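Written out below as structure tokens is the structure these notes cover.
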Protein chains: 2
Amino acid sequence: MKNKITISEIARKSGVSVSTVSRVLNNSPSVSPGKREKIQQIIAEHNYTPSVFARGMVNHTSQNIGVILPDITNPYFASLFMEVQSFAMQSGYATLLFNTMFVRNRKQQSKMSEEDYFRIIQEKQVDGVLVLGGHIDKEDIPDSYIQALNQLHRQIPVVIVGTRIEGCNCLVVERDLKQGVASIVHHFIALGHERIGFIGGEPGIRITTARIEAFKQELRALGRTALDNHIIPSDYYAPDGYEAMRQLLDEPQDTLPTAIIAMNDMVAIGAIRAMKDRGLQCPEHIAIASCDQFPQSEYAIPRITSLDQHNEYLGRMAVLQLISAINGSEEMIRINHTPRLIIRESCGA
Amino acid sequence: MKNKITISEIARKSGVSVSTVSRVLNNSPSVSPGKREKIQQIIAEHNYTPSVFARGMVNHTSQNIGVILPDITNPYFASLFMEVQSFAMQSGYATLLFNTMFVRNRKQQSKMSEEDYFRIIQEKQVDGVLVLGGHIDKEDIPDSYIQALNQLHRQIPVVIVGTRIEGCNCLVVERDLKQGVASIVHHFIALGHERIGFIGGEPGIRITTARIEAFKQELRALGRTALDNHIIPSDYYAPDGYEAMRQLLDEPQDTLPTAIIAMNDMVAIGAIRAMKDRGLQCPEHIAIASCDQFPQSEYAIPRITSLDQHNEYLGRMAVLQLISAINGSEEMIRINHTPRLIIRESCGA
DNA sequence: ACTATTTTTGGTATCGTTACCAAGCTTGAT
DNA sequence: ATCAAGCTTGGTAACGATACCAAAAATAGT
């Protein structure tokens, strides 16, 4: 930042005191119309903008929020973040984005722990923090992590998008983990599928476990049972779906599932590719549906049946919750948007 | 931000002056080892972090950079940004991300112009700005836009990733626009294709025009000519590839291209889908290659031949350039990484 | 014309750091 | 012992805004 013009220079050039200029900047009503106009003109002329540092010193606010997520190249987080940033901006906040798992594609995970990020974020003096996914989603979160989060929350409002965590005091915007899966199971059963599998999702992660749980539970409710060797968690990306499907196809042919639920569209795409590489067609040999829709699922071959989880809405609610917390509200926003099943070619009907 | 502990409290609790605490914070050598240790312990105990506001007042630096791009859900920008953030963080900078074209999927473009974003970014007192794509890529940029950029650059170092612009004083990290296309043309010709088309890319955008130009030029150099009705710019996403291909297939069958260059993988995926919907196979009926590789191209059906543009490298260079500009260097970093053609199923060999 | 009241202005302390200078304290050399 | 030269320290003025209070000016009421 090169030499910046200051409020007192504006004041001098306008022939008024800094107080008056400050009033103009903050739209205080008690400034005579003539002076206000003149000052505004001089401000514009010099392209003056008040120093956020000086303002921050007085107000203790930066009008920035921090967003921490594992991987922005993952379309799920990208679409969520898009909405978050847009809504935050409309509310006057800019967004500092932190990827915790950078350069994932090179399998060269960051050396920094998420706790390190909390420290950095705290130093950045943001007005609030949004945590999307990551370690917070683990089944079995180390105590130190919860401590770090609570510690951060003691300083700055923290909103977590996902699930409520035992012992964690941060605010939570909950996302549906079960309804969507149930609706896929229903659809498959209605289509006459008797053997259904589940692939993708990192094992030990809350959402994976919850969805698999919902999957089993729903089958049970309908008088069926899931076979354990038809449930293959792996991770969230196309290679993981590929690998899981490859592994599944090594099972005895006569008991293979006829339908599979994939964690998300990327996993589904990987799985379909694995089938193709074995000379199998989707949906003819195995039908597939995914739990998280990404933009291109409509254009894949075959077009993928998936759940619209209303991420835009989720993102907006998260920001709303954060801003209301920043403004001192204790109220907890509850959302309950049922995921919508979008039926396309990959499930055969 | 709730009540924060200050340097003077740390000083009081340690029984030293604020100066000494400040020295410890800034790793000044002239502090006696005993005191240093004691102070560090008290700092840790109270989880104290110095105020960025107060520091900013003195140093005029926020250790933040601003990144402005059209759409983070576009995998091209996502992967570029991933690299940018990672590298910036390693260099001690956090990243403010601004999407200018938010909620694109709802076709509800932002009401704010990019110029508005420049103003906001300037107010944010970042130490530098990175501009990735957007209006800066237009063939014919309004003068007001260039003015706004130059104006911003007068205050803060601005680095543009893309192409050098006439009249724009900002620093530029240039990206190859032609070599990659040329290598695809060569490959297609070597495979015996005589009629080649080009689809995707927003018309009036520098990269679109440049690639189409390179496409024509390379064909000419090899003694062929491109047919104008086989060149269909549209945009960068799957629906745009779909639409362009649909349009192309409406042409008389006997003169249809046998190979097509797509702007990027999303466009290619859309185009392949359009073919499929007309009962055509890729690569059997029409071969396809794309100019920008995205993560899933390897798993699509068919696997897509595309160019690896070395985005990670580009992102890193951009940050390097920006940081060196922040530190007062005038030197311009030149890069010249030839895109690498990755041959997969969609081009038939 | 002279208060009383309201509106508009200006002055100054304050926020939490760092930079800079001056002072105190060692240490070692004479 | 004395003094110069180096370490360590502390005190204080910035940095650029806002908040608050007091003063001045404008307006209204008698």
Side-chain angles (χ1 to χ4, degrees), chain A residues 1-40 42-43 46-64 92 122-127 155-156, chain B residues 1-40 42-43 46-64 92 122-127 155-156:
Chain A
M1 176 68 61
K2 291 145 203 170
N3 56 334
K4 258 200 105 209
I5 193 168
T6 72
I7 195 174
S8 46
E9 299 202 41
I10 296 291
R12 204 169 41 70
K13 287 191 207 271
S14 321
V16 298
S17 70
V18 290
S19 306
T20 305
V21 178
S22 177
R23 284 187 196 99
V24 171
L25 290 172
N26 295 284
N27 300 310
S28 157
S30 50
V31 180
S32 69
K35 277 192 176 145
R36 156 166 283 127
E37 203 174 328
K38 172 160 187 193
I39 294 170
Q40 276 170 338
I42 296 202
I43 286 175
H46 293 78
N47 197 250
Y48 162 78
T49 54
S51 155
V52 290
F53 302 126
R55 278 196 159 161
M57 291 230 62
V58 181
N59 305 329
H60 303 279
T61 143
S62 59
Q63 295 295 109
N64 287 159
Q122 189 185 135
E123 286 169 6
K124 285 297 171 182
Q125 235 115 23
V126 294
D127 297 343
Q155 306 278 332
I156 316 171
Chain B
M1 177 68 62
K2 291 145 204 171
N3 58 333
K4 257 201 103 205
I5 191 168
T6 72
I7 196 174
S8 48
E9 298 203 42
I10 297 293
R12 203 170 41 69
K13 286 189 208 271
S14 321
V16 297
S17 71
V18 289
S19 306
T20 305
V21 178
S22 176
R23 285 187 195 97
V24 171
L25 289 173
N26 296 283
N27 298 311
S28 157
S30 49
V31 179
S32 69
K35 277 193 176 145
R36 155 164 284 125
E37 202 175 329
K38 172 159 190 196
I39 294 171
Q40 276 169 337
I42 296 203
I43 286 175
H46 293 78
N47 197 251
Y48 162 77
T49 54
S51 156
V52 290
F53 301 128
R55 278 197 158 162
M57 291 230 63
V58 181
N59 305 328
H60 303 279
T61 143
S62 59
Q63 296 294 111
N64 287 159
Q122 190 186 133
E123 286 170 6
K124 285 297 173 183
Q125 234 115 24
V126 292
D127 297 343
Q155 306 278 331
I156 317 171

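Model, not experiment: these values are computed from the prediction. Each chain gets a letter, A, B and so on, in the order the sequences are listed, and its residues count up from 1.
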Backbone of A/V18 reached by a side-chain donor or acceptor of A/S22 within 3.5 Å
no
Does B/S8 have a side-chain nitrogen or oxygen under 4.0 Å from the phosphate oxygens OP1 or OP2 of C/dT17?
no
Please report, rounded to the nearest Å, how far the P atom of C/dA19 is from the CG atom of B/N27.
13 Å
Atom-pair distance (CZ on B/R12; C1' on C/dT17), nearest Å:
17 Å
Can you tell which of D/dG10, C/dC15, D/dT8 lies closest to the side chain of B/S17?
D/dG10
Taking B/S62 for its side chain and B/Q125 for its backbone only, find out whether a donor-acceptor pair lies under 3.5 Å.
yes
In terms of side-chain heavy atoms of B/V18, which of C/dC20, D/dT12, D/dC15 is nearest?
D/dT12
Strictly below 4.0 Å: does B/K35 bring a side-chain N or O up to OP1 or OP2 of D/dT8?
no
When you measure only distances, ignoring hydrogens and angles, does the side chain of B/S19 come within 3.5 Å of the base of D/dG11 through a donor and an acceptor?
yes
Between A/T6 and D/dG16, is there a side-chain N or O to OP1/OP2 distance below 4.0 Å?
no
Under-4.0 Å side-chain N/O to phosphate OP1/OP2 contact, A/N26 with D/dT18
yes
Quick one: is B/S32 getting a side-chain N or O under 4.0 Å of the D/dC7 phosphate, OP1 or OP2?
no
On DNA chain C, check which nucleotide each of B/R23 and B/I7 is closest to and give me the residue with the more 5' one.
B/I7
Separation of D/dT18 atom P from A/M57 atom CE, nearest Å, is 13 Å
5'-most contact on DNA chain D (nearest-nucleotide basis), B/A54 vs B/V16, goes to B/V16
Could you tell me the separation between the CD atom of B/Q63 and the P atom of C/dT17, rounded to a whole number of Å?
16 Å
Donor-acceptor pair, B/K4 side chain versus A/Q155 backbone, under 3.5 Å?
no
Please determine whether a side-chain nitrogen or oxygen atom of A/S22 lies at a distance below 4.0 Å from atom OP1 or OP2 of D/dA19.
no
Is it true that a side-chain atom of B/N64 and a backbone atom of B/V126 form a donor plus acceptor pair closer than 3.5 Å?
no
Would you kindly give the CD1-to-P distance between B/I39 and C/dT17, to the nearest whole Å?
14 Å
Candidates D/dT9, D/dC15, C/dC15 - which lies nearest the side chain of A/H60
C/dC15
Here the distance between atom P of D/dA17 and atom CD of B/Q125, to the nearest Å, is 8 Å
Roughly how far, to the nearest 0.5 Å, is NZ of B/K38 from OG1 of B/T20?
12.5 Å
Round to the nearest Å and state the distance from A/L25 atom CG to D/dT18 atom P.
6 Å
Determine yes or no for a side-chain-to-main-chain donor-acceptor pair under 3.5 angstrom, with A/K124 supplying the side chain and B/Q63 the backbone.
yes
5' precedence on DNA chain C between A/V31 and A/V58 (nearest-nucleotide basis):
A/V31
Without decimals, in angstroms, what is the distance between A/K4 NZ and D/dC15 P?
15 Å
